[in-house]
Protein chains: 2
Amino acid sequence: MSGKQQGRKPRADVQRNRAALLAAAQRHFLRDGVGASLEAVAKEAGVGPGTLYRHFPTREALLAAVLQTRSEELVARRADIAQLGDASERLRQWLRAMEEYFSAFSGLPEPLMAAARAQDPDNPLTLPCDDLITTTDEYLRAAQLAGHARPSVKGYDLFLAAISTAWISGTGATDEESLGRLRALIESGYREQDDEE
Amino acid sequence: MSGKQQGRKPRADVQRNRAALLAAAQRHFLRDGVGASLEAVAKEAGVGPGTLYRHFPTREALLAAVLQTRSEELVARRADIAQLGDASERLRQWLRAMEEYFSAFSGLPEPLMAAARAQDPDNPLTLPCDDLITTTDEYLRAAQLAGHARPSVKGYDLFLAAISTAWISGTGATDEESLGRLRALIESGYREQDDEE
DNA sequence: CCTTGTGCGGAGACAGCCTCCGCTTTTTTG
DNA sequence: CAAAAAAGCGGAGGCTGTCTCCGCACAAGG
């Protein structure tokens, strides 16, 4: 019942190509955003387009694979955040961490929202998204229990707030100061009124 | 010094083609979002691609021309809003009106932010954007004077909040209820704490 | 009706997405 | 270790979309 056991060892060139593709893709996504030319990625990795599409059938699949590393970083940061004593501060830090994750590549919020929308099990970005929302809800509930956040707010709301802030940040249209004010506005939006600090 | 006086009357077919292009473009932007195929627009308008690009050198130019109608609607709404007595309510209404304007076509926030970024005088979307930000600032200042809004907030912040809400709305990933909660979160973010209503 | 010149439109160059299939490379088998 | 079998490779090519250039047609004015 274990599904597929790897009957044969994976071929050497397969792993090599996959690694080369991921490295090239990361470079291109960083430089050109999530809309980078996949043809160019394949060329830089030294493989044909066919190979790229066999490894990663869609742009989203490639994106999800490249994002894997970042996801692990995020999990690591969760451990750091758990150390902090204040539930309010933990929530704030988590939201910042999530926003940075969304800002990994320019244009990333777009496909992420599309994945969150459809609940499409085929979309490889759906799972990471759901995970993020669930985690946000956990941090939020802790803050609510401590009386630091309005009860009417939902985890999904803060997910939306974080991803839209990342979207604005990714357009490159806004200086860091305005972004800071926007974050402050959101924070005072979910904080309980009689909250102390 | 009046620049160019129209030495010759505009040709009949020019006006006809322009109108046909605008109508076709509006339909396609509505259905397919701002990324709609310009080839298809030209075909539906019954003209060649060359004609389209002569009238509107860039996608943004076409977009700005189509948006002209909506901008006038927005100006009209400003008159309605001015009737309301409460500065706080006026600000709220204005933010909603602006958000609806941003939601005219799916994907519209993207080029709008790009225009707001560059202050590029060549980009035909820059002017409308600046106007919106200025107006937001006026409404906000009135609310601040009345003690209904935090003094630390700037008009540009609320512009960002509105456009990012419209962006989320345009992804189609989110139900109206979550959007309402997000708006409420933003509102309680800029409202003065000791504000009544 | 003719002249003028403005505007038309489609052919075509270019870029990116994605697929299909003959061939090479790797692995397995005798 | 050679030969068969399997697995993966890669590029040619179809498709869609953007944008330009230029010979030609047609509207405006005499």
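Not measured: the values here are computed from a predicted model. Computation of the quantities below employed the complete heavy-atom set of this structure, encompassing side-chain atoms and omitting hydrogens, waters and symmetry-equivalent molecules. Throughout, a chain's letter reflects where its sequence line sits, starting with A, and its residues are numbered from 1.
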| Picking from B:Q93, B:E192, B:H148, B:R191, what satisfies side-chain hydrogen bond (donor to acceptor under 3.5 Å, both in side chains) with B:S88? | B:R191

| task | Between B:R11 and B:G50, just flag the one whose closest nucleotide in DNA chain C comes earlier from the 5' side. | result |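 First, find each residue's nearest nucleotide; the 5'-ward one identifies B:R11.
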
| query | Are A:F102 and A:M98 close enough that some pair of their side-chain heavy atoms sits under 4.5 Å apart? | reply | yes

| query | Considering only heavy atoms from C-beta outward, does the side chain of B:L108 approach that of B:Y101 to under 4.5 Å? | reply | no

| Tell me the salt bridge (Lys or Arg N to Asp or Glu O under 4.0 Å) pairs involving residues 149-160 of chain A, sequence neighbours left out? |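 Qualifying pairs, neighbours excluded: A:D157-B:R181.
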
| query | Which pairs, with at least one residue in residues 15-35 of chain B and sequence neighbours excluded, count as a salt bridge (Lys or Arg N to Asp or Glu O under 4.0 Å)? | reply |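 Every pair satisfying salt bridge (Lys or Arg N to Asp or Glu O under 4.0 Å) with a residue in residues 15-35 of chain B: B:R27-B:E44.
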
| remark: Residues of residues 19-43 of chain B with a heavy atom under 4.0 Å from any atom of DNA chain C, listed by number, are none

| said: Heavy atoms within less than 4.0 Å of DNA chain C: which residues of residues 51-67 of chain A have one? Give them sorted by number. | reply: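 The stretch gives A:Y53, A:R59 as the residues lying under 4.0 Å from the strand, ordered by number.
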
| field | 5′-ward residue of the pair A:G48/B:R16 relative to DNA chain D | value |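 The residue whose closest nucleotide sits nearer the 5' end is A:G48.
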
Side-chain ([X]) to main-chain ([Y]) donor-acceptor, under 3.5 angstrom:
X	Y	result
A:R90	A:L84	yes
A:R59	A:A36	yes
A:T136	A:L132	yes

| field | Protein-nucleotide distance (B:R18, atom CZ; C:dG7, atom P), rounded to Å | value |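 In whole Å, C:dG7 P lies 13 Å from B:R18 CZ.
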
| request: Please collect all ring pair (Phe, Tyr, Trp, His ring centres under 6.0 Å) contacts where either partner lies in residues 35-65 of chain B, sequence neighbours excluded, each pair once. | output: none

| If you measure only the distance, is there a donor-acceptor pair under 3.5 Å linking the side chains of B:S178 and B:D175? | yes

| Can you find a side chain N or O atom of B:N17 that sits less than 4.0 Å from OP1 or OP2 on C:dC8? |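 For B:N17, the contact criterion (side-chain N or O under 4.0 Å from OP1 or OP2 of C:dC8) is met.
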
| query | Going 5' to 3' on DNA chain D, which nucleotide is the first and which the last to come under 4.0 Å of a heavy atom in chain A? | reply |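 Range of nucleotides touched by chain A: D:dA7 to D:dG11.
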
